[in-house]
Structure formats: C-alpha cells, structure tokens
Participant: 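Sharing a structure with you now.
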2 protein chains.
Amino acid sequence: MSDNHTLGSLIWLRLVRFTNRSHQMTNDFLKRFGLTTAQFDVLVQVRTFQPLNQLELAGKLTVTEGGISRMLARLEKDGYIERKQGWKTKTIRLTTRAEAVMAQAFPAQLAFQTSFFDETLTEEEQRTLYELVTRLQKHSTNKSVPQE
Amino acid sequence: MSDNHTLGSLIWLRLVRFTNRSHQMTNDFLKRFGLTTAQFDVLVQVRTFQPLNQLELAGKLTVTEGGISRMLARLEKDGYIERKQGWKTKTIRLTTRAEAVMAQAFPAQLAFQTSFFDETLTEEEQRTLYELVTRLQKHSTNKSVPQE
DNA sequence: TAAAATCACTTTACTACTCAACTGATACGA
DNA sequence: TCGTATCAGTTGAGTAGTAAAGTGATTTTA
C-alpha cells in the first residue's frame with residue numbers, strides 16, 4: 001500500500017468509474033425507449049410504490065426535494081406521470097402511457113443491467129458482492145460528515 | 001429471487017445509492033477546502049499524471065471532452081490549473097496554489113473516504129470487494145451497448 | 001384571533017455533465 | 001498549391017443535480 005492510497009480509496013475510485021460508465025451506457029441503451037437513466041430510475045420507483053408523494057420519492061432516490069420537483073415537472077409535461085394535489089401533498093402516479101413504456105423498458109433494462117454482472121462474476125461472487133455493498137450502502141445512510 | 005429483480009440489478013441499485021450518498025457527503029466535507037468532489041477528482045488526476053492534455057484527462061475521469069473543457073475553464077479561472085497551448089494539445093499543470101490546497105485536502109479526503117470502508121468491512125472483506133469491483137470496472141470499459 | 005411555526009413543494013442561481021455542431025491549426029494527397 | 005481530412009479543443013442547447021430562499025396553505029400558540 002503506497003502513501004497515496006488506501007484499500008478503501010482504491011475501491012472508491014473503481015466504484016465511481018464503474019457506476020459512471022454504466023450510467024452512460026444505460027443512457028445509450030434506454031434511448032430506444034425515449035428515456036434517460038434518471039427518468040427510468042424515477043419511473044421504476046413510482047411504479048413500485050405508487051401512490052406516493054414527492055418527499056417519499058426523493059428519499060428513495062437519494063435526491064433533494066428541489067431535484068425531484070424539476071424532474072417530475074419534466075415527466076409530467078412529457079405525459080409519463082400525473083400529480084394530484086391532495087391534503088398538503090402531491091400524489092404521484094404513472095400514466096397509462098408510462099405503464100406501457102415501462103412494460104417494454106423494464107425487462108429490457110433488467111437484462112442489460114444484469115449482463116454487466118453475469119459476464120464477469122459467478123453467482124457465488126455476486127452474492128458476496130451484494131452482501132458487502134449492502135453493508136456499505138446502509139452504513140452510508142447513517143454516517144455524517146465530521147465537524148471542521 | 002422475484003420476477004422484478006436479479007442479483008445483478010440489486011447490486012446495481014445499492015452501488016448507485018451508495019456512490020450517490022458518498023458523493024454528496026464528500027461535497028459537504030470538501031467545502032472546508034473550497035472544492036467540490038468533481039474539482040477534487042480532477043486535481044488528483046492532474047497532480048498524479050501532470051503534464052497531460054485534455055483528452056488524456058477526459059479518459060481517466062470517464063468524462064467527455066466537452067465536459068473537461070468547461071471544467072478546466074472554471075479551474076483555470078479560479079487559479080487552480082494552468083494550460084499551455086503546445087503543438088496541437090494543451091498541457092495541463094497544477095498551480096502552486098493548487099499544490100498547496102491539495103497538500104491539505106488530499107490526506108484529509110483520503111482519511112474520510114477510507115473511513116466509509118474501515119467502519120464496515122474487515123481488511124479481508126475489502127480485499128475481496130476490491131478484486132470483484134476491479135473486474136467489473138475493467139469489463140465495463142470494454143463492453144458496448146447491444147444493437148437495437 | 002392575530003402572529004408565528006410548520007409543512008410540502010417550487011424557484012433561483014449555480015455546478016457538472018451529455019451530444020453534436022463548430023473552430024482553427026496542421027498535414028497531406030492530387 | 002489548393003482543397004480535404006484530421007485532430008484537439010470549444011461551444012450551444014439540453015438534462016440532472018445542489019443549496020438556499022421563497023410560497024402558500026394549514027395549524028399551533030399566546
């Protein structure tokens with residue numbers, strides 16, 4: 001281990017480059033359905049948890065309220081979601097158009113995403129990776145930034 | 001394993017949420033040095049590989065040429081880097097100001113980043129994770145998006 | 001019951017990226 | 001020597017995010 005790196009920092013770098021590349025390729029892949037990676041990500045969450053409000057959705061996507069507000073405005077304009085102002089909150093649902101697109105896009109994207117892993121890791125290795133990454137991800141939601 | 005998920009897609013989701021959260025927390029952490037995560041990432045690469053040109057740098061950061069062009073324009077304006085027009089290419093170097101900032105920021109950020117891993121995984125587990133992620137990352141640089 | 005707090009969401013100004021069209025300099029073939 | 005190709009970098013238009021201030025309707029409290 002050199003002065004300039006720790007095992008953790010090397011893992012971090014690989015993770016960032018990998019997720020970045022995958023994000024770009026997923027964007028490219030999803031073009032055939034007229035969706036971006038971020039839009040697809042939102043639609044999957046809405047599809048799974050609808051009806052839900054904006055704050056709940058922001059939490060699930062690890063994005064701020066402001067970010068969700070804009071994103072949903074675009075998706076609404078494009079006819080993918082509906083927002084209904086209820087008692088204090090806006091309730092989000094997929095439109096039938098989005099349901100139709102997702103019925104095609106979801107299994108295709110699932111297969112594409114899965115191929116990244118199936119082409120390099122055995123099932124045993126994937127299980128190990130899932131366990132380690134799950135611990136990391138759960139820890140990161142509790143962790144806070146140290147004081148200055 | 002349900003109809004809606006594969007092991008690979010579950011790993012992917014955890015990875016995206018984890019890198020996203022870490023990115024946000026790193027932004028927060030680096031504020032004390034007046035840097036963003038993206039700027040820090042660029043400065044580390046320049047520090048390590050200088051002198052280098054913009055295309056080389058774009059490759060290392062898995063970012064497009066256009067993205068690097070804008071980013072470097074900002075960093076130059078803020079006095080962190082210098083660009084010298086050579087035979088066809090622009091050669092990038094850190095300024096003494098950036099060297100001074102990085103001498104402080106680099107070890108601090110290294111320790112912060114490392115803590116994410118040291119607080120949840122044993123050294124043995126980190127070694128395993130590094131090996132698996134390395135294979136994934138290398139594979140992702142060769143892989144291409146399937147035809148429509 | 002009028003002022004203050006709360007709550008979900010929006011907006012403003014910004015960073016950071018994408019793709020694709022463009023610039024400007026050098027090289028090269030007819 | 002005059003197009004033409006190439007090549008590094010820039011730019012325009014757009015998406016996607018951030019932090020922080022603002023809105024507007026309720027609800028609490030003094």
Side-chain angles (χ1 to χ4, degrees), chain A residues 16-17 19-43 45 51-78 80-92 145, chain B residues 16-17 19-43 45 51-78 80-92 145:
Chain A
V16 169
R17 303 301 180 230
T19 50
N20 202 19
R21 283 292 305 139
S22 306
H23 186 93
Q24 289 165 352
M25 294 174 77
T26 301
N27 256 323
D28 199 4
F29 178 75
L30 289 175
K31 243 176 211 158
R32 67 195 62 178
F33 302 106
L35 294 172
T36 64
T37 306
Q39 290 171 340
F40 178 85
D41 211 8
V42 172
L43 295 180
Q45 295 303 317
L52 80 172
N53 67 37
Q54 300 195 183
L55 254 169
E56 288 165 346
L57 186 53
K60 288 185 192 304
L61 295 163
T62 50
V63 149
T64 58
E65 294 169 74
I68 271 297
S69 183
R70 274 168 209 294
M71 171 57 92
L72 291 178
R74 276 192 298 267
L75 286 174
E76 195 170 46
K77 177 175 67 68
D78 294 348
Y80 289 114
I81 59 143
E82 284 171 355
R83 286 188 285 182
K84 209 179 279 177
Q85 181 71 55
W87 182 79
K88 291 191 117 178
T89 64
K90 287 194 175 174
T91 298
I92 309 157
V145 178
Chain B
V16 169
R17 304 298 180 232
T19 49
N20 202 17
R21 283 291 306 141
S22 306
H23 186 92
Q24 289 165 352
M25 293 174 78
T26 302
N27 256 323
D28 199 3
F29 178 75
L30 288 175
K31 242 177 212 158
R32 67 195 63 177
F33 301 106
L35 295 172
T36 64
T37 306
Q39 290 171 340
F40 179 85
D41 210 8
V42 172
L43 295 181
Q45 294 303 317
L52 77 174
N53 68 37
Q54 299 194 185
L55 253 169
E56 288 165 347
L57 187 53
K60 288 184 193 303
L61 295 163
T62 50
V63 149
T64 59
E65 295 169 73
I68 271 297
S69 182
R70 280 166 210 289
M71 171 57 93
L72 291 178
R74 276 192 298 268
L75 286 173
E76 196 171 47
K77 178 174 67 67
D78 294 348
Y80 288 114
I81 59 143
E82 283 170 355
R83 286 187 287 181
K84 210 180 280 178
Q85 180 72 55
W87 182 80
K88 289 191 117 175
T89 64
K90 287 194 175 175
T91 298
I92 309 157
V145 178

Participant: Collect all protein-nucleotide pairs involving nucleotides 21-26 of chain D in which both atoms are nitrogen or oxygen and the distance is under 3.5 Å.
Facilitator:
none

Participant: Kindly say if B:Arg83 contacts the phosphate of D:dT10, meaning a side-chain N or O under 4.0 Å from OP1 or OP2.
Facilitator: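 Yes, because at least one side-chain N or O of B:Arg83 sits under 4.0 Å from OP1 or OP2 of D:dT10.
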Participant: Looking at A:Gln24, does any N or O in its side chain come under 4.0 Å of the phosphate oxygens OP1/OP2 on C:dC19?
Facilitator: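 A:Gln24 to C:dC19 OP1/OP2: no side-chain N or O under 4.0 Å.
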Participant: At under 4.0 Å between heavy atoms, what does A:Gln54 touch on the DNA or RNA strands: base, sugar-phosphate, or nothing?
Facilitator: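 Here A:Gln54 touches the backbone only, sparing every base.
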Participant: Given C:dC19, is OP1 or OP2 found less than 4.0 Å from the side-chain N or O atoms of A:Lys31?
Facilitator: no
Participant: With a cut-off of less than 4.0 Å, is there a side-chain N or O of B:Gln85 near OP1 or OP2 of C:dA25?
Facilitator: no
Participant: Taking the nucleotide of DNA chain C with the closest heavy atom to each, which residue, A:Ile68 or B:Glu65, is nearer the 5' end?
Facilitator: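 Final value for this comparison: A:Ile68.
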Participant: Which atoms of nucleotides 13-15 of chain D (N or O only) lie under 3.5 Å from a protein N or O atom, and what are those distances?
Facilitator:
from, atom 1, to, atom 2, distance (Å)
D:dA13, N6, B:Arg70, NH2, 3.3

Participant: With rounding to the nearest 0.5 angstrom, report the CD1 to CG distance, B:Ile81 to B:Leu57.
Facilitator: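 Between atom CD1 of B:Ile81 and atom CG of B:Leu57 there are 8.5 Å.
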Participant: Give the rounded distance in Å between these two atoms: CD1 of B:Ile92 and P of D:dA8.
Facilitator: 13 Å
Participant: Please report the closest heavy-atom contact between B:Pro51 and B:Thr91, naming both atoms and the distance.
Facilitator: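 Nearest heavy atoms, B:Pro51 then B:Thr91: CB-CG2, 3.3 Å.
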Participant: Applying salt bridge (Lys or Arg N to Asp or Glu O under 4.0 Å), name anything that partners A:Arg17, two or more places apart in sequence or on another chain.
Facilitator: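 By the salt bridge (Lys or Arg N to Asp or Glu O under 4.0 Å) rule, A:Arg17 matches B:Asp41.
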Participant: For D:dG17, does OP1 or OP2 lie under 4.0 Å from any side-chain N or O of A:Thr64?
Facilitator: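 Checking D:dG17 against A:Thr64, no side-chain N or O comes under 4.0 Å of OP1 or OP2.
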Participant: Could you work out, with side chain to side chain donor-acceptor pair (under 3.5 Å) as the rule, every residue matching A:Thr89, not counting sequence neighbours?
Facilitator: none
Participant: Does D:dG9 have its OP1 or OP2 closer than 4.0 Å to a side-chain nitrogen or oxygen of B:Ser69?
Facilitator: no
Participant: side-chain hydrogen bond (donor to acceptor under 3.5 Å, both in side chains): which pairs involve residues 52-63 of chain B, sequence neighbours left out?
Facilitator: A:Asn20-B:Thr62, B:Gln54-B:Arg83
Participant: Just verifying a value: how many Å separate B:Glu76 CD and B:Glu82 CD, rounded to the nearest 0.5 Å?
Facilitator: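 Output value for this atom pair is 8.0 Å.
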Participant: Using the side chain to side chain donor-acceptor pair (under 3.5 Å) criterion, which residues pair with A:Gln24? Sequence neighbours excluded.
Facilitator: A:Arg21
Participant: Indicate every side-chain donor-acceptor pair of residues 29-36 of chain A with a distance under 3.5 Å to a residue at least two apart or in another chain.
Facilitator:
from, atom 1, to, atom 2, distance (Å)
A:Arg32, NE, A:Phe29, O, 3.1
A:Arg32, NH2, B:Pro146, O, 2.8
A:Thr36, OG1, A:Gln39, N, 3.1
A:Thr36, OG1, A:Gln39, OE1, 3.4

Participant: For B:Thr37, which residues count as a side chain to side chain donor-acceptor pair (under 3.5 Å) partner, sequence neighbours excluded?
Facilitator: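 Applying side chain to side chain donor-acceptor pair (under 3.5 Å) to B:Thr37 gives B:Asn27.
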Participant: Pick the nucleotide of DNA chain C nearest each of A:Glu56 and B:Asn27; which residue has the one closer to the 5' end?
Facilitator: A:Glu56
